[in-house]
Engineer: 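First the structure, which I've put down as structure tokens, then a few questions once you've had a look.
Keep in mind that this is a model prediction, so the values were computed, not measured. Excluded from the calculations below are hydrogen atoms, water molecules and symmetry mates; all remaining heavy atoms, backbone and side chain alike, are included. Chain letters run A, B, ... following the sequence lines, proteins first and then strands; every chain starts at 1.
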There are 2 protein chains.
Amino acid sequence: MRLSTKGRYAVTAMLDLALNGQEGPVTLSDISENQGISLSYLEQLFAALRARKLVRGVRGPGGGYFLGRPADEISIADIICAVDEWVEFTRCRGKEDCRGGQRCLTHSLWDDLSRQIYDFLTDITLADLVARGLEKEQTCHSRKDSATLETRAA
Amino acid sequence: MRLSTKGRYAVTAMLDLALNGQEGPVTLSDISENQGISLSYLEQLFAALRARKLVRGVRGPGGGYFLGRPADEISIADIICAVDEWVEFTRCRGKEDCRGGQRCLTHSLWDDLSRQIYDFLTDITLADLVARGLEKEQTCHSRKDSATLETRAA
DNA sequence: AATTAACTTAGTGTTTTACTCGGTAATTAA
DNA sequence: TTAATTACCGAGTAAAACACTAAGTTAATT
């Protein structure tokens, strides 16, 4: 498993889609502006997401992107694996030095951990995140008093 | 949270320490050979681990490294944070565009997820991994029959 | 004094990031 | 039919991160 800022970009972009894609397709320009990601970089990410059928593109004016599946059928692991490319855990998969030695044990421990992380992220869907986030939005909106948020415009 | 091969190196190295550091200190040369990591790179990683007191070095002949704390008090998150440097999640922490807008919501969803991953890895200690791995070792040793493992040599 | 092994610093080739730029293809509105 | 819009595609690129080499210094053991 691998989790970099690239994966973060993909997840936040997909979250954006999940939140805004209800009424119609969402353009990459919108996401670019919303999330502060360059348009071309988004195009690269979405090429990978499209290859895995996680999004569906619609060309022409009024076009944009939809989720490729319902939000509750897209896990975080799906998204990260699409853009971040699964890396080989260990180098000794079936190699000659894997005969119950110390090295093999350490590596199998890492494999176990890696699988645990993967399973964990497989259980979390976009829909889960959105649902959990919307609950908290209430709390967020009701704390206007705190900090006053620099309304310096007038 | 960030999880790269660098973090993997650190975790496997620490696992090596947890497994072999019972009777005495473990040298970086040993770990280098066991795990297939270059000595100098290990030295860099261990400089970071030592700064966080996750390991303790002993100089001179017969020296090496010990765990800085008992294995059940060292979490995977501790290790990864030591070498992988915590990255900023969102760019809008307290920025002007965080007034309940769409962007803020997406980012707070990412923050939630990131915290979940962190909490998950905080709950897993080196001791947990070792204990769980030793259980499976029995199974591993008793499945000689399966797959035959390409003993093509003769 | 010689050896061991931790510690430190500098440098280096490779890969990954995140991006710009230039274009093509499909769809819509005029 | 033409122009605008948006997805789609590929090459190139500066900067960072990765993983490593090299060449030392310091502290401990023999």
Engineer: Could you state the CG-C1' distance from A/Asp84 to D/dA17, rounded to the nearest angstrom?
Structural biologist: 14 Å
Engineer: A/Ile37 has an atom CD1; how far is it from atom C1' of C/dT17, in whole Å?
Structural biologist: 13 Å
Engineer: How would you summarise protein contacts on nucleotides 25-30 of chain D per nucleotide, using B for base, S for sugar-phosphate only and - for none, with heavy-atom distances below 4.0 Å?
Structural biologist: -BSBB-
Engineer: Using a heavy-atom cut-off of under 4.0 Å over every strand shown, decide if A/Ser4 touches base, sugar-phosphate, or nothing.
Structural biologist: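 A/Ser4: backbone/sugar contact only, no base atoms under 4.0 Å.
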Engineer: For A/Ser75, is there any backbone N or O sitting under 3.5 Å from a side-chain donor or acceptor partner on A/Thr125?
Structural biologist: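 Looks like no, no N/O pair under 3.5 Å.
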Engineer: Classify the angle between the aromatic ring planes of A/Phe46 and A/Tyr65 as parallel (below 30°), tilted (30 to 60°) or perpendicular (above 60°).
Structural biologist: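 A/Phe46 vs A/Tyr65 ring planes: tilted.
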Engineer: Return the value, rounded to whole Å, for the distance between atom NZ of B/Lys6 and atom C1' of D/dA16.
Structural biologist: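 That distance rounds to 11 Å.
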Engineer: Here's a test for you: under side chain to side chain contact (heavy atoms under 4.5 Å, CB included), which of B/Val130, B/Thr12, B/Asn34 qualifies with A/Thr106?
Structural biologist: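 Of all the options given, the one that passes is B/Thr12.
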Engineer: Carefully, step by step, assess A/Val11 and B/Leu113 under the rule side chain to side chain contact (heavy atoms under 4.5 Å, CB included).
Structural biologist: CA-CA 10 Å; A/Val11 171; B/Leu113 173 61; 4.2 Å; yes
Engineer: Specify the separation, in whole Å, of atom OH of A/Tyr9 and atom P of C/dT16.
Structural biologist: 18 Å
Engineer: In whole angstrom, what separates A/Asp30's CG from D/dA7's C1'?
Structural biologist: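 Those two atoms, CG and C1', are 14 Å apart.
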Engineer: For B/Leu28, is there any backbone N or O sitting under 3.5 Å from a side-chain donor or acceptor partner on B/Ser32?
Structural biologist: no
Engineer: Please check if the number of heavy atoms outside A/Glu43 that lie under 6.0 Å from its CD is greater than 12.
Structural biologist: yes
Engineer: Given atom CG of B/Leu39 and atom C1' of C/dT9, what is their separation to the nearest angstrom?
Structural biologist: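 One finds 15 Å between C1' of C/dT9 and CG of B/Leu39, rounded.
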Engineer: Under 4.0 Å, counting only non-hydrogen atoms across every strand here, what does A/Leu28 touch: a base, just sugar-phosphate, or nothing?
Structural biologist: sugar-phosphate
Engineer: Does D/dA17 have OP1 or OP2 sitting under 4.0 Å from an N or O in the side chain of A/Arg2?
Structural biologist: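 So the side chain of A/Arg2 is outside the cut-off, no N or O lying under 4.0 Å from OP1 or OP2 of D/dA17.
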Engineer: Between A/Ser114 and A/Trp110, is there a donor-acceptor pair closer than 3.5 Å when you use the side chain of the first and the backbone of the second?
Structural biologist: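 No, the answer is negative, given that no donor and acceptor are paired below the 3.5 Å cut-off.
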Engineer: To the nearest Å, how far apart are B/Ile31 CD1 and C/dA5 C1'?
Structural biologist: 13 Å
Engineer: Side chains of A/Asp72 and A/Asp128: closer than 4.5 Å at any heavy-atom pair?
Structural biologist: no
Engineer: Can you tell me if the side-chain N/O atoms of B/Thr5 get under 4.0 Å from OP1 or OP2 in D/dA19?
Structural biologist: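 Yes, because at least one side-chain N or O of B/Thr5 sits under 4.0 Å from OP1 or OP2 of D/dA19.
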Engineer: Quick one, which residues of residues 40-51 of chain B touch DNA chain D with a heavy atom under 4.0 Å?
Structural biologist: B/Ser40, B/Tyr41, B/Gln44
Engineer: Over 60° means perpendicular and under 30° means parallel, so classify the ring planes of A/Phe120 and B/Phe120, tilted if in between.
Structural biologist: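 Ring orientation, 0 to 90° scale: parallel.
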Engineer: Find the distance B/Ile80:CD1 to D/dC18:P and express it as a whole number of Å.
Structural biologist: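 Atom CD1 in B/Ile80 sits about 13 Å away from atom P in D/dC18.
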